[in-house]
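Letters go in sequence order (proteins before strands), and every chain restarts at 1. Everything numeric here is computed off the predicted structure, so don't read it as measured data.
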There are 2 protein chains.
Amino acid sequence: MKKVTIKDIAEGAGVSISTVSYVLSGKRSVSDEVKRRIHEQIELLHYKPNAVARSFASRKTNIIGLYCSKYPDTENTDVFFLKMVNGMMAAAEKRNYKVLLLNEMEGSENFVIPFDKTFPIDGAIVTTTINSHHYLNQLESEEMPFVLVGKPPKDLKINCVDNDNVKAAYEAVELLLKQGATNIGMVTGSGLHTRLSDFEIGYMMAHNSYQIAYRSENIIRHDINDPDYVQKIMSAIQENGLDGILVSLLFTRLINRLLTDPHAPHSIPIVSFGFDLIAEHYSHLTKDVHFIQSNAYKLGIEAVARLIDLIDKPESKAKQMLLSPELSVWRQSKELQQIE
Amino acid sequence: MKKVTIKDIAEGAGVSISTVSYVLSGKRSVSDEVKRRIHEQIELLHYKPNAVARSFASRKTNIIGLYCSKYPDTENTDVFFLKMVNGMMAAAEKRNYKVLLLNEMEGSENFVIPFDKTFPIDGAIVTTTINSHHYLNQLESEEMPFVLVGKPPKDLKINCVDNDNVKAAYEAVELLLKQGATNIGMVTGSGLHTRLSDFEIGYMMAHNSYQIAYRSENIIRHDINDPDYVQKIMSAIQENGLDGILVSLLFTRLINRLLTDPHAPHSIPIVSFGFDLIAEHYSHLTKDVHFIQSNAYKLGIEAVARLIDLIDKPESKAKQMLLSPELSVWRQSKELQQIE
DNA sequence: CTGAAAGCGCTTACAG
DNA sequence: CTGAAAGCGCTTACAG
């Protein structure tokens, strides 16, 4: 069974190949009669355009690549990633694009993936990874349009989409103050670098704006892989006399302890980053939790929207988009009230 | 800046286009001297083969499509899906394939997606969806190799990969018996259809093998969207005097209640399906939980491996692969012991 | 409103 | 071990 091509349709309808092509693309007006005959043949022969041939001729695949790091991640960032991909697919579909998952090539020590026509893509989305700086430098030299999801290195003017984490931490502190906190702690990962995170900047700016005493020991840095971090952080909370806490979702076990342990101090208000990612599992909260939305889905949408704009007109210059934080509260469920 | 093609390399190295192509593909032996000159030119001109042109000429894209349903899913199946995709990417990478995410086309009421060269794919993975039966029938008539992840309709002999859910439930019942249970309940979703699930069959087979009394009311069917299901199921557990429970992970709130509420009856052993998908969030268990692994990653691996085999030699006949259940236990964490 | 033809950048029989 | 050439199935200037 030979495959049906545009030529078969042209012959069947008694017109030229180009006319069939133009009917299919709608790029030129064609008489209704010819259109009818062509569609009749398409129906009759079950013609389906060949995507690869089309891409080859038009130099356009309508596919965007999503570069996925192989670096081990926590469950939480996995959920973030999944929701981001969902957003990307939604945005891509609207504009007739598909998403191709690309992972690191075998044998490369660094996170290096070909960023050219080695893959059938019109553009790419890159997420921040450990050695992204080195990597992004390389990307800049290529002609492929791309958008970074995450914070770009300062010296690179590239297209990117990210949460406004400075503002997020700032507003989180504001919220804790409104709830009566006076001595606010922040629990954050001990990254590879000792550089200040945007969260810390926002935290500090809020302390400055509201003229609250700032104590460096209130910024509690911990490796999330330390098996005993919960105990250590709980101790620090007590020793420092904290009455409000800002905590990253990465500290799953700490969150569990603070939010579900009936013996935990009920009085300390907590703001978590990205609690929406795992809220489903917390029908057993012992208190309400305020959180700053992860925006995973939205980031996916925006990244793809920006990328497709770039593909459509590549001359447009680099733009940095920051999503404003949205604060929400996840209420202690009915479930639990029945228990008590 | 014009893009570099195979022609430029051929001219630079003073050989024919075909020789360059053969050096690149390794499909024919070429003298070392010619090879050297060609690689020199490739290096010099930064030549990258054009994936689309290559696919067009060879009629092979090395891309497999993953058909994603848009139907709303619970968080848990999302995690399942994510891990499955991870498995697929791992298996695909090993054999030099990529994964293209495909979603339902706009405007189609049913779950109907083109299954032909409309997309640049060599084959496809399909997961079971609500109206998959109708859909699979359609797929069979196409020439595209595909593998279903899930249980196939009885009358279709197609390639598929799935968990052996009959065996899983059977072994779960066995495990509960070993733990001293004598009156075992099963909590399961109230699907659209009233047909028996594989889980129920396995449950019944175990009751038959071990000659335990079977009480139909011990199979507790509930809509997971019922906001009050926890209370209702807890009541049923008490009324029926159950001393062992088999529960689907879909009942997140019930799991929370049974596993994290210190007031919940500690004595009843529980076996959960797929607890591994969310175990990360349960550092606050009040008891150990036995579970049957979801096999999400493994299913992804197997589905892709099978699909690529099919692509390589399409004449091989349909094969149904069932993964045997693996029982595991998730121990109550140290965390919690410190609390008590 | 329509057609003839070049060309997209490779692969691969065919011939030597 | 190597080359000349057909061809993969479309798109799109160009010409009318």
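Among the nucleotides C:dT11, D:dG3, C:dC8, the one closest to any side-chain atom of B:S16 is D:dG3. Out of C:dG9, D:dG9, C:dT11, the shortest distance to the side chain of B:S58 is found at C:dT11.
Nucleotides C:dG16 and C:dT12 have their C1' atoms positioned 16 Å apart, rounded to a whole Å.
In this entry D:dA13 has no Watson-Crick or G-U wobble partner, no candidate having both defining distances under 3.5 Å.
Looking only at side-chain heavy atoms (C-beta outward), B:Q293 and B:L323 stay at 4.5 Å or farther from each other. Side-chain atoms of A:R54 and A:L24, non-hydrogen and from C-beta on, do get closer than 4.5 Å to each other.
Taking atom NZ of residue B:K35 and atom C1' of nucleotide D:dT2, one finds them 14 Å apart after rounding to whole Å. The separation between B:I6 atom CD1 and C:dC8 atom P is 14 Å, rounded to whole Å. Atom CD1 in B:I42 sits roughly 16 Å away from atom P in C:dG9 (whole-Å rounding). In this entry the distance linking CZ of B:F119 with P of D:dG9 reads 19 Å, nearest Å. Atom CD1 of B:I38 and atom C1' of C:dC10 are 14 Å apart (whole Å). Rounded to whole Å, the distance from CZ on A:R37 to C1' on C:dT2 is 11 Å. In this structure, A:Y22 atom OH and D:dG9 atom P are separated by 20 Å, rounded to whole Å. In this entry the distance linking NZ of B:K3 with P of C:dC8 reads 10 Å, nearest Å.
Here the side chain of B:D122 pairs no donor or acceptor atom with the backbone of B:K60 at under 3.5 angstrom.
No contact: B:K7 has no heavy atom under 4.0 Å from any strand. Across all strands, A:I17 comes closer than 4.0 Å to base atoms (heavy-atom distances). As judged by a 4.0 angstrom heavy-atom cut-off over every strand, B:V15 is placed among residues touching the sugar-phosphate backbone only.
Taking 4.0 angstrom as the limit, B:Y47 places a side-chain polar atom (N or O) nearer than this to OP1 or OP2 of C:dC10. Distances shorter than 4.0 Å separate some side-chain N or O of B:S31 from OP1 or OP2 on D:dT2. A sub-4.0 Å separation between OP1 or OP2 of C:dT11 and a side-chain N or O of B:S21 is present.
Comparing B:D32 and B:R59 against DNA chain D, the residue whose closest nucleotide sits nearer the 5' end is B:D32. Mapping B:V30 and B:F56 onto DNA chain D via the closest heavy atom, the residue that lands nearer the 5' end is B:V30.
A:D32 has no carboxylate O lying under 4.0 Å from a charged side-chain N of A:R37, or vice versa, which leaves the two without a salt bridge. Of the charged side-chain nitrogens involved, at least one lies within less than 4.0 Å of a carboxylate oxygen, so that A:R36 and A:E33 count as a salt-bridged pair.
Just one of B:T127, B:V126, B:L66 meets the side-chain contact (heavy atoms from CB on, under 4.5 Å) condition when paired with B:V149; it is B:T127.
Residue A:S18 places a side-chain atom within donor-acceptor reach of the base of C:dA4, judged by atom type and a 3.5 Å distance cut-off alone. Scanning atom types as modelled, no donor and acceptor separated by under 3.5 angstrom connect the side chain of B:R54 and the base of C:dT11. You'll find a donor-acceptor pair under 3.5 Å spanning the side chain of A:R28 and the base of C:dT2, going by distance alone.
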